[in-house]
Protein chains: 2
Amino acid sequence: MKVLTKNTDYAIRALLALAARKGSYLSAKSIATEHDIPYQFLRRLLQEMIRHNLIVSKEGVQGGFMMQKDPDEITVTQLIEIFQGKVQVSECMFRKQICGNRANCVLRHEIMRIESVVQSEFEKVTIGKLLRDLEAANKVNPTAATIS
Amino acid sequence: MKVLTKNTDYAIRALLALAARKGSYLSAKSIATEHDIPYQFLRRLLQEMIRHNLIVSKEGVQGGFMMQKDPDEITVTQLIEIFQGKVQVSECMFRKQICGNRANCVLRHEIMRIESVVQSEFEKVTIGKLLRDLEAANKVNPTAATIS
DNA sequence: TTAATTGATACTAATATAGTATCAGATGAG
DNA sequence: CTCATCTGATACTATATTAGTATCAATTAA
Ligand code: FES
Ligand code: FES
């Protein structure tokens, strides 16, 4: 069971790169080469993040992408929702005719509980927090900590 | 993001059916029709569960499947591992050359923590617990609670 | 003017999930 | 002792998701 797909994985890395240099534009190309992310793939992710107002872009020479939203306000839960759809443990609720009385379904009850646990755990992890941890690690041992 | 696939979903339902009638053999066919699970699909799942010593089978007429392991000892985590592979938040650790120093990778640190939270949450849910909840619900209102 | 860049979108490839089909072998009922 | 009812084993197809590539138009700073 894989929880984070490449989408989310790459998006996190890209956001960390942008958050680290907030205020200046970083091109997709430079992020891609620096973090070993397939260029065109990354561009799609960046565009998606623009649509969700996490970042902004500037076209043309010297253009690129820049942080917009406060990194502390960007949670991994949000990124999962953007790139992998809302966290849901089971799809059973979409099936007709099986759970006539969902409110009383014990399986569903457990499922809902775990769903919210998973969500809240990922909510604790923000881009801002990751960045600070990363910077702290770099301070102690400049060559040890890497983003990816 | 879908956490439980049909594999696991169906396996849970089948185990609940078997646990409810422990001591007697239940055929794949009867489980399939009763719980709306594709017959051949279910058979593969049952065979897999035999290999993992959760259930036993008897061939021939009047044959079928029966609980072997104590339902309280069967956790959803185990079932996820059998049918969806070990819970892992990210696959990054398999990628060479990116995280030269994994021990210090902050992303990995968070990932490991969440992995264990997810695992332990699913570990709390056993077939035995689900069955008791189900039976309790049926006692209160016989028509309200269903397995699926 | 033009090279560097994003916007938009279509396409292919690889993998995972879901479901079906088939046939051999066991076994209890009659 | 045979035969319908089962499981064992395994191969196959279909669908969906994930991953990655390609293309071309529009923008812009040097
Ligand atoms: S070990 Fe995977 S991102 Fe660092
Ligand atoms: S609501 Fe889905 S199993 Fe009951």
Side-chain angles (χ1 to χ4, degrees), chain A residues 1-11 13-14 18 24-33 35-52 54-66 68 79-80 82-86 88 90-92 94-95, chain B residues 1-11 13-14 18 24-33 35-52 54-66 68 79-88 90-92 94-95:
Chain A
M1 196 190 90
K2 188 174 51 180
V3 178
L4 298 186
T5 61
K6 303 280 185 193
N7 278 343
T8 313
D9 180 333
Y10 292 159
R13 292 164 204 267
L18 291 174
S24 63
Y25 285 99
L26 256 183
S27 74
K29 196 176 179 184
S30 68
I31 298 172
T33 56
H35 295 282
D36 244 327
I37 305 174
Y39 176 61
Q40 297 292 6
F41 200 158
L42 173 63
R43 294 219 307 135
R44 276 208 323 241
L45 303 178
L46 290 167
Q47 290 191 19
E48 191 67 26
M49 290 195 277
I50 288 174
R51 271 175 229 125
H52 286 82
L54 304 184
I55 60 179
V56 290
S57 66
K58 192 174 81 175
E59 287 181 77
V61 178
Q62 301 284 357
F65 301 86
M66 188 167 63
Q68 176 165 61
L79 296 171
I80 289 176
I82 291 172
F83 293 110
Q84 304 174 227
K86 201 160 168 53
Q88 56 177 93
S90 169
E91 275 180 330
C92 58
F94 296 125
R95 291 198 262 157
Chain B
M1 196 189 89
K2 187 174 51 182
V3 178
L4 299 186
T5 60
K6 303 281 184 193
N7 278 343
T8 313
D9 180 333
Y10 291 159
R13 292 166 204 265
L18 292 173
S24 62
Y25 286 99
L26 255 185
S27 74
K29 197 176 178 182
S30 68
I31 299 173
T33 55
H35 294 283
D36 243 326
I37 305 175
Y39 175 60
Q40 297 293 4
F41 199 158
L42 173 63
R43 292 198 41 215
R44 276 208 324 240
L45 303 178
L46 290 166
Q47 289 191 19
E48 190 67 27
M49 289 195 277
I50 288 174
R51 274 174 227 125
H52 285 82
L54 304 185
I55 60 180
V56 290
S57 66
K58 192 174 82 174
E59 286 180 76
V61 177
Q62 302 282 0
F65 302 85
M66 188 168 62
Q68 176 165 60
L79 295 172
I80 288 176
E81 286 187 7
I82 291 172
F83 294 110
Q84 302 175 226
K86 200 161 170 52
V87 174
Q88 55 177 93
S90 167
E91 275 180 329
C92 58
F94 297 125
R95 290 199 264 158

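All values derive from a computational prediction rather than experimental measurement. Letters A, B, ... mirror the listed sequences (proteins, then strands); counts begin at 1.
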Spacing of [X] atom [atom1] relative to [N] atom [atom2], expressed in whole Å:
{"X": "A:Tyr25", "N": "D:dA30", "atom1": "OH", "atom2": "P", "value": "14 Å"}
{"X": "A:Met49", "N": "C:dG7", "atom1": "CE", "atom2": "C1'", "value": "15 Å"}
{"X": "B:Ile80", "N": "C:dA16", "atom1": "CD1", "atom2": "P", "value": "17 Å"}
{"X": "A:Leu4", "N": "D:dA19", "atom1": "CG", "atom2": "P", "value": "10 Å"}
{"X": "B:Glu48", "N": "C:dT17", "atom1": "CD", "atom2": "P", "value": "14 Å"}
{"X": "B:Leu46", "N": "D:dC6", "atom1": "CG", "atom2": "P", "value": "14 Å"}
{"X": "A:Asn7", "N": "D:dT21", "atom1": "CG", "atom2": "P", "value": "14 Å"}
{"X": "B:Phe41", "N": "C:dA21", "atom1": "CZ", "atom2": "C1'", "value": "15 Å"}

Sugar-phosphate only, base, or nothing, as touched by A:Tyr39 at under 4.0 Å among non-hydrogen atoms
base
Looking at CD1 of A:Ile82 and CG of A:Asn7, how far apart are the two atoms once the value is rounded to the nearest 0.5 Å?
11.0 Å
So CD1 of B:Ile55 and CZ of B:Phe65: to nearest 0.5 Å the spacing works out to 6.0 Å
Pair listing, side-chain hydrogen bond (donor to acceptor under 3.5 Å, both in side chains) test, anchored in residues 40-49 of chain B, at least two apart:
B:Gln40-B:Arg43, B:Glu48-B:Arg51
Does a nitrogen or oxygen in the side chain of [X] sit under 4.0 Å from OP1 or OP2 of [N]?
{"X": "A:Tyr10", "N": "D:dG20", "answer": "yes"}
{"X": "A:Ser57", "N": "C:dT5", "answer": "no"}
{"X": "B:Ser27", "N": "D:dT5", "answer": "no"}

Under the side chain to side chain contact (heavy atoms under 4.5 Å, CB included) rule, collect the residues that match up with [X], sequence neighbours excluded.
{"X": "A:Thr8", "result": "A:Leu4, A:Thr5, A:Ile12, A:Leu79, A:Ile80, A:Phe83, A:Gln84"}
{"X": "A:Lys29", "result": "A:Ser27, A:Tyr39"}
{"X": "A:Gln68", "result": "A:Asn53, A:Val56"}

Of the nucleotides [options], which one has an atom closest to the side chain of [X]?
{"X": "A:Arg44", "options": "C:dA10, C:dT5, C:dG19", "result": "C:dA10"}
{"X": "B:Lys6", "options": "D:dC6, C:dG19, D:dT21", "result": "C:dG19"}
{"X": "A:Lys2", "options": "D:dA19, C:dT5, D:dT7", "result": "D:dA19"}
{"X": "A:Gln62", "options": "D:dG20, D:dA30, D:dT7", "result": "D:dA30"}

Residues in ring pair (Phe, Tyr, Trp, His ring centres under 6.0 Å) contact with B:Phe41, at least two apart in sequence or another chain:
B:Tyr10
Review item, nucleotides 23-27 of chain C N/O atoms under 3.5 Å of protein N/O:
| unit_1 | atom_1 | unit_2 | atom_2 | d |
| --- | --- | --- | --- | --- |
| C:dA26 | O4' | B:Glu59 | OE1 | 3.2 |
| C:dT27 | O2 | B:Val61 | N | 3.4 |

Whichever of A:Thr5 and B:Ile50 has its nearest DNA chain D nucleotide further upstream toward 5'
B:Ile50
